[in-house]
Amino acid sequence: MVPLYLHEDRFFDPDPAIRSVARELYAATRALPLVAPHGHVAPELLAENAPFPDPATLFIKPDHYIFRMLYAQGVSMESLGVPSRDGTPVETDPRVIWRRFAAHYYLFAGTPTRAWLDYQLAKVFEVPVALDADSADLVYNHLAERLTEPAFRPRALYERFGLEVLTTTDAATDDLRYHRALRDEGWGGKVRPCFRPDALFRIAQPEWGQHLHALEARQEAQLGSYAAFREALWDRRQAFKALGAFATDHAVVDPYTHRLADADAEVLYQRALGGTATVADQAAFEAHLLMEMAAMSTEDGLVMQLHPGSYRDHNGPVAERFGPDMGADIPVATEYTRNLHALLNAYGNHPNLTLVLFTLDEAAYSRELAPLAGHYPALRLGPPWWFHDSIEGMLRFRQQTSETAGLYNTAGFNDDTRAFCSIPARHDLARRVDATFLARLVARHQLTEREAHRLARALAYDLVRQTYRLDQEE
């Protein structure tokens, strides 16, 4: 078996002059607290603080990066224990699942997933050997033993990771009971909800009525008009904010924004109530509600996050059998300048709006996103997301946006993960990559080392706190 070894200079530029500066910058930021302003860790994980059941459930089942790659190589979702919606039998033995994963671990060579997983195994769980088919049982046994120890329960790991705040992503209709429980136990400032109303915007979807009924139940009122619906959205935002929320999150295919007259919004809403809303109606309604969300943010101060450009559930049979977010979402080309014109003209100059904009379309970095963020006071560029949350993806982002937008018009880092134990790995990788980017500027004498140190701290910690207004809470 091969020892598991992580080189101290991993991800740094191989040029000795750049690498030496990068080492110093990283050393100054590696121990800074972690701020996780957007992610998908379930709040019950921290509220219940139960031991993780087994290595397969911890590492494989919540991580679409893993089963996406394995599925592409012919490993079935059923064999990985991914729960089915249609009653299809799936593998239930976690050791069998782990062995299958380990036998295919070589597939992740050169990917950020491999970097994150190796970090977790080596740094979090102190696994002594590299993972492969031969070491599968040894690694599994090591992890299983660790998971029985109090030091590896979620709250203990939260503290060991150096997390300062962790934000979940919650439907607008969520009862937020886990967040209330955390608050009552004194954890209210550490784990925050994030308001995500997407399901209520998609009026052409068959399940929209179910989501509306859930909102009515939460409000204890019938929402028979658009005005009542809008008021309910406002009320839910305030319920989230009362439990510490500082942001909203919105996912759309196209970031089209356009304000409708109240009468026109009412027409679309009534079509939705009658079950006759079309795809075109939904596009218009979503565009209008993005305007409404921005308007509300100017009032309540919640930071608005926009995640466009993902063709969700591209693999229809997989989505039908296993549900959404099962690794079959594909990026599409996305236009921002015209689509966001209405929203930015209405609210982009407002001092109380912060809009964090993400993309899956790297072609838009230098052409549209950097110029927009370099002008509108309300706009900040979110870090590379999903397929571009990688070593080279992060470098491309810095290279294509920094000269036009500047580094201070970016939003710091967030991990956007469901895999709780990968959080420190993702932040560590981002800090190493940013150290390399800044070190290159120092080597070219574009920055002094003093300036680079200030920027390294800003990118790792200060900017995310400023963007999400956490500094204003103190």
| From Asp428 atom CG to Phe11 atom CZ, the distance as rounded to the nearest 0.5 Å |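 Asp428 atom CG to Phe11 atom CZ measures 7.5 Å (nearest 0.5 Å).
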Using modelled atom types only, decide if a donor and an acceptor are shared between the side chain of [X] and the backbone of [Y] within a distance under 3.5 Å.
{"X": "Thr169", "Y": "Gly39", "answer": "yes"}
{"X": "Arg236", "Y": "Ala172", "answer": "yes"}
{"X": "Ser297", "Y": "Leu302", "answer": "yes"}
{"X": "Glu320", "Y": "Arg85", "answer": "no"}
{"X": "Thr168", "Y": "Pro43", "answer": "no"}
{"X": "Thr334", "Y": "Val332", "answer": "yes"}

Just wondering, more than 12 heavy atoms not from [X] lying within 6.0 Å of its [atom1]?
{"X": "His341", "atom1": "NE2", "value": "no"}
{"X": "Glu299", "atom1": "CD", "value": "yes"}
{"X": "Arg338", "atom1": "CZ", "value": "no"}

| Is NZ or CZ of Arg146 both nearer than 6.0 Å to the six-membered ring centre of Phe52 and within 45° of the ring axis? |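 Because its charged atom misses either the 6.0 Å distance or the 45° angle limit, Arg146 does not stack over Phe52.
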For [X], side chain to side chain donor-acceptor pair (under 3.5 Å) partners two or more places apart:
{"X": "Arg380", "value": "Asn409"}
{"X": "His40", "value": "Asp416"}
{"X": "Arg177", "value": "Asp175"}
{"X": "His314", "value": "none"}

With sequence neighbours left out, what residues match [X] under side chain to side chain contact (heavy atoms under 4.5 Å, CB included)?
{"X": "Val96", "result": "Glu91, Asp93, Arg100"}
{"X": "Ala214", "result": "Thr173"}
{"X": "Gln282", "result": "Arg202, Ile203, Ala204, Gln205, Glu286"}

Which residue pairs satisfy the salt bridge (charged side-chain N to carboxylate O under 4.0 Å, His left out) criterion with at least one member in [range], sequence neighbours excluded?
{"range": "residues 55-77", "answer": "none"}
{"range": "residues 268-278", "answer": "Arg271-Asp281"}
{"range": "residues 182-192", "answer": "Arg155-Glu185, Glu159-Lys190, Arg192-Glu473"}
{"range": "residues 259-269", "answer": "Arg259-Glu292"}

With heavy-atom distances below 4.5 Å as the criterion, would you say the side chains of [X] and [Y] are in contact?
{"X": "Ser390", "Y": "Thr111", "answer": "no"}
{"X": "Trp385", "Y": "His38", "answer": "no"}
{"X": "Val464", "Y": "Asn414", "answer": "no"}
{"X": "Arg237", "Y": "Phe195", "answer": "yes"}
{"X": "Phe67", "Y": "His64", "answer": "yes"}
{"X": "Asp174", "Y": "Pro193", "answer": "no"}
{"X": "Leu58", "Y": "Leu143", "answer": "no"}
{"X": "Thr167", "Y": "Phe246", "answer": "yes"}

| What is the ring orientation for Phe125 with Phe152, classed by angle as parallel under 30°, tilted 30 to 60°, or perpendicular over 60°? |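 Answer is parallel, since the angle falls under 30°.
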| message | For Phe229 and Tyr226, take the angle between the two ring planes, folded into 0 to 90°, and tell me which bin it lands in: parallel under 30, tilted 30 to 60, perpendicular over 60. | response |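 Phe229 vs Tyr226 ring planes: tilted.
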| request: State yes or no: are the ring centers of Tyr365 and His388 separated by less than 6.0 Å? | output: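 So the answer is no for these two rings.
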| Side chains of Glu216 and His213: donor-acceptor distance under 3.5 Å anywhere? |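 On atom types as modelled, these side chains qualify, holding a pair under 3.5 Å.
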| said: Here's a test for you: under ring-ring contact (aromatic ring centres under 6.0 Å, His included), which of Tyr65, Phe59, Phe108, Phe420 qualifies with Trp116? | reply: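 Checked Tyr65, Phe59, Phe108, Phe420 against Trp116; only one passes ring-ring contact (aromatic ring centres under 6.0 Å, His included): Tyr65.
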| task | Would you please test Val75 and Leu107 for side chain to side chain contact (heavy atoms under 4.5 Å, CB included) and show each step? | result | CA-CA 12 Å; Val75 181; Leu107 295 174; 5.6 Å; no
| Salt bridge or not for Asp389 and Arg426, using N-O below 4.0 Å? |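 Salt bridge: yes.
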Please set out all donor-acceptor pairs under 3.5 angstrom arising from side-chain atoms of residues 303-313, sequence neighbours excluded.
residue : atom : partner : partner atom : Å
Gln305  : OE1  : Tyr468  : OH           : 2.7
Gln305  : NE2  : Thr248  : O            : 3.2
His307  : ND1  : Asp249  : OD1          : 2.8

| Name the one of Asp254, Thr359, Asp361 that satisfies side-chain hydrogen bond (donor to acceptor under 3.5 Å, both in side chains) with Tyr336? |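 The passing option is Thr359.
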